[in-house]
Amino acid sequence: QQQVKQSPQSLIVQKGGISIINCAYENTAFDYFPWYQQFPGKGPALLIAIRPDVSEKKEGRFTISFNKSAKQFSLHIMDSQPGDSATYFCAASPDPAGGYQKVTFGIGTKLQVIP
Amino acid sequence: GAVVSQHPSRVICKSGTSVKIECRSLDFQATTMFWYRQFPKQSLMLMATSNEGSKATYEQGVEKDKFLINHASLTLSTLTVTSAHPEDSSFYICSAARPSGSYNEQFFGPGTRLTVL
């Protein structure tokens with residue numbers, strides 16, 4: 001059962017273009033939505049995260065858009081660069097107030113930015 | 001920063017031997033650490049949640065006697081793969097949870113590539 005659906009699984013974008021990765025979830029208990037960037041042979045690194053009280057969060061060239069009613073969120077990478085080529089994972093986890101926080105990952109999107 | 005290290009980064013062992021992987025949070029204390037397994041070109045699969053001073057919580061389908069987890073201090077958790085077999089070959093990644101307001105952000109280690117011959 002895939003609780004966080006991510007698409008596309010692979011993406012090729014030209015340098016300077018916009019990369020867009022979409023995710024959808026079903027569990028309404030999810031309350032925290034991070035994005036991770038992973039380079040080959042390395043562990044994932046937290047890129048940017050959003051909570052459902054805001055509809056958009058921007059950090060540099062990376063923007064998360066969040067639609068709570070549709071239960072969808074997306075990552076936009078503006079002015080994509082070859083160095084952005086990596087695998088991106090969206091994720092979701094419930095409110096940690098209960099003392100246990102399990103992160104559910106999407107399947108991942110392999111992004112390739114070509115010069 | 002929030003740095004998590006893993007050791008070793010790569011290990012090759014013979015079938016039947018046991019392998020220990022260490023996960024350390026270098027600049028913060030982590031009451032909770034997580035162990036993941038990742039197959040090539042696939043997502044991360046949570047194996048277990050490790051809480052300092054208590055028994056680990058294993059995900060369904062993960063053999064607790066096969067994958068021993070110890071979280072002896074607030075900065076160290078270890079995963080021991082006992083009697084390893086070729087099917088245990090994988091990329092093992094740990095993460096440590098650090099409080100951020102009312103939430104806990106997870107920071108990942110660089111991973112350990114295990115190859116069982």
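Just so it is clear, the structure is predicted and the values come from calculations on it, not from any experiment. Naming: A, B, ... by sequence-line order, numbering from 1 per chain.
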> Do the side chains of B:V4 and A:V103 join up, straight or via other hydrophobic residues, at under 4.5 Å, putting them in one cluster?
Replying inline: yes
>> Can you list everything that forms a side-chain hydrogen bond (donor to acceptor under 3.5 Å, both in side chains) with A:D79? Sequence neighbours excluded, please.
In response: A:Q81
> Counting heavy-atom pairs under 4.5 Å to chain B, which of A:G108, A:G43, A:P44, A:A49 comes out on top?
Replying inline: A:P44
> Is it true that B:F108 and B:L114 fall in one hydrophobic cluster, defined by side-chain heavy atoms closer than 4.5 Å?
Replying inline: no
>> With rounding to the nearest 0.5 angstrom, report the CZ to CG distance, B:R98 to A:L46.
In response: 9.5 Å
> Out of curiosity, does B:L44 fall in the hydrophobic cluster containing B:F67 (side-chain heavy atoms, cut-off under 4.5 Å, transitive links)?
Replying inline: no
> Of all the residues in residues 33-40 of chain A, which have a heavy atom that comes within less than 4.5 Å of a heavy atom in chain B?
Replying inline: A:Y36, A:Q38
> Just how far is it from atom CD of B:Q38 to atom CZ of A:F89, taken to the nearest 0.5 Å?
Replying inline: 5.0 Å
> Which heavy atom in A:G106 sits nearest to a heavy atom in B:S43, and how many Å separate them?
Replying inline: O-OG, 2.6 Å
>> Going by the rule ring pair (Phe, Tyr, Trp, His ring centres under 6.0 Å), which residues pair with A:F30 if we only count those two or more places apart in sequence or in a different chain?
In response: none
> Does atom CD of A:Q14 have more than 12 heavy-atom neighbours from other groups under 6.0 Å away?
Replying inline: no
> If you count the non-hydrogen atoms of other residues, nucleotides and ligands that lie under 6.0 Å from CZ in A:R61, is the total more than 12?
Replying inline: yes
> Is there a path from B:F34 to A:F105 through hydrophobic residues (I, L, V, M, F, W, Y) whose side chains come within less than 4.5 Å of each other?
Replying inline: yes
>> Give the interface residues of residues 73-94 of chain B toward chain A, defined by a heavy-atom separation under 4.5 Å.
In response: B:F91, B:I93
> Rounded to the nearest 0.5 Å, how far does NZ of A:K102 lie from CD of B:E59?
Replying inline: 3.5 Å
> How long is the gap from CD on B:Q42 to CD1 on A:I107, to the nearest 0.5 Å?
Replying inline: 7.5 Å
> Above 12 or not: heavy atoms from other molecules or residues under 6.0 Å from NZ of A:K15?
Replying inline: no
> Is it the case that one hydrophobic cluster holds both B:I69 and B:V62, taking links as side-chain heavy atoms less than 4.5 Å apart, direct or via other members?
Replying inline: yes
